[in-house]
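Have a look at the structure below, then the notes.
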Protein chains: 2
Amino acid sequence: MKQYNCEIEAALEVIGGKWKAILLYHLTKGPKRTSELKRLVPGITQKMLTQQLRELEKDSVILRKVHSQIPPKVEYSLTEYGRTLEPVLNSLCHWGKRHIQYVYADEEVMVVNKEVEKTT
Amino acid sequence: MKQYNCEIEAALEVIGGKWKAILLYHLTKGPKRTSELKRLVPGITQKMLTQQLRELEKDSVILRKVHSQIPPKVEYSLTEYGRTLEPVLNSLCHWGKRHIQYVYADEEVMVVNKEVEKTT
DNA sequence: TATTCCGGTTACTTTTTGGTTACTACAGTA
DNA sequence: TACTGTAGTAACCAAAAAGTAACCGGAATA
């Protein structure tokens, strides 16, 4: 019998990984190729990227679509179930924005907005 | 110059620790003594509890109040700023609840509700 | 022929995280 | 006198997480 001490534990099992919330957040803006995600999340290594995406896939919140091409093309997107996470991700993002202002009011802080060139 | 690639990163710096969201969530229900938190989060060790609480304190989201008594009594509570996290914590909790139903629909799953006896 | 493209895997190393145990302070109580 | 209860610290060690670097395929291109 599985047992939680609070519901948040269950949520963290899915989005608690080091990069998961960030990856999911980017995917709320639309499907992304592996290379796009790497660019959007510069700190992540290929290994961690694949690993985290695999786990999210197992948890049914994202879909991995392989296009049979050479060179390969793989696209990740939120599943319908994954889209139920949007309120969580948005409130995280909203609070993050507020927090940056709260903490770094006088310092120079940047949130980098990477232009996303669509490749087909 | 500090730099984030998305706002969520900033939020995760504060609540991304292994136990932080859970601890904060319990504190949304009111101030708690160290021993109460230990009971509410059975998996945590004294060391991790102290460590995570110290970090939350540094980030100004919780307050540590020491009552000069023997034996010691320490109470933790959300600061006013910490209370701005409530929407985040609530949406996490809400999604967690939904996720438990989604995944464990047929299995036996429990969310343990510890009775909190107030000690003064 | 050699190199690039993309997404990924693997083996190995380093770093980070977390667990365990022992120890502290001090008043009250048995 | 010895022991309890509370909250915490410190030293030490084990385990888990994450970084690094090399390697793969197979078509297209230089």
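Computed from heavy atoms alone, side chains included, the values below leave out hydrogens, waters and symmetry copies. Proteins get letters first, then strands, A, B, ... in listed order; numbering begins at 1 in each.
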So, does A:S35 get its side chain near the phosphate of C:dG7, meaning an N or O under 4.0 Å from OP1 or OP2? yes
Reading DNA chain D from 5' onward, which residue's closest nucleotide shows up sooner: A:G43 or A:I70? A:G43
So which atom in B:K73 and which in B:Q69 form the shortest heavy-atom distance, rounded to 0.1 Å? CB-OE1, 3.6 Å
For a quick test of reading the model, state the closest non-hydrogen atom pair linking A:W19 to A:G43 and the distance between them. CH2-C, 3.7 Å
NZ of A:K18 versus C1' of D:dA17: gap in Å, rounded? 9 Å
When every non-hydrogen atom of A:V14 is compared with those of A:D59, the smallest separation belongs to CA-OD2, 4.0 Å
Work out which heavy atom in A:A21 is nearest to a heavy atom in A:L92; give both atom names and the distance. CB-CD1, 4.3 Å
Interatomic distance, B:Q52 CD vs C:dG18 C1' [rounded to whole Å]: 10 Å
Whole Å only: how far is the CD atom of B:E36 from the P atom of D:dG5? 17 Å
Is any side-chain nitrogen or oxygen of A:T50 closer than 4.0 Å to OP1 or OP2 of C:dG7? no
To the nearest Å, give me how far apart CD1 (B:I44) and P (D:dG8) are. 12 Å
Counting side-chain heavy atoms from C-beta on, which of D:dA18, D:dT6, D:dA7 comes nearest to B:P71? D:dT6
For B:K47, which contact category applies under a 4.0 Å heavy-atom criterion: base, sugar-phosphate, or nothing? base
Are OP1 or OP2 of D:dT20 and a side-chain N or O of A:T45 less than 4.0 angstrom apart? no
Any B:R64 side-chain nitrogen or oxygen under 4.0 Å from OP1 or OP2 of D:dG8: yes
Provide, to the nearest angstrom, the distance between the CD atom belonging to A:Q46 and the C1' atom belonging to D:dC23. 13 Å
D:dA18, C:dG18, D:dG8: which one has an atom nearest the side-chain heavy atoms of B:Q51? C:dG18
Separation of atom CD in A:Q69 from atom P in C:dG8, rounded to whole Å: 13 Å
Closest heavy-atom contact between A:L89 and A:Y25? CD1-N, 4.0 Å
Given atom CE of B:M48 and atom P of D:dA7, what is their separation to the nearest angstrom? 19 Å
Interatomic distance where NZ belongs to B:K38 and P belongs to C:dG19 [whole Å]: 14 Å
When you check the phosphate oxygens OP1 and OP2 of C:dC6, does a side-chain N or O of A:R33 lie under 4.0 Å from one of them? no
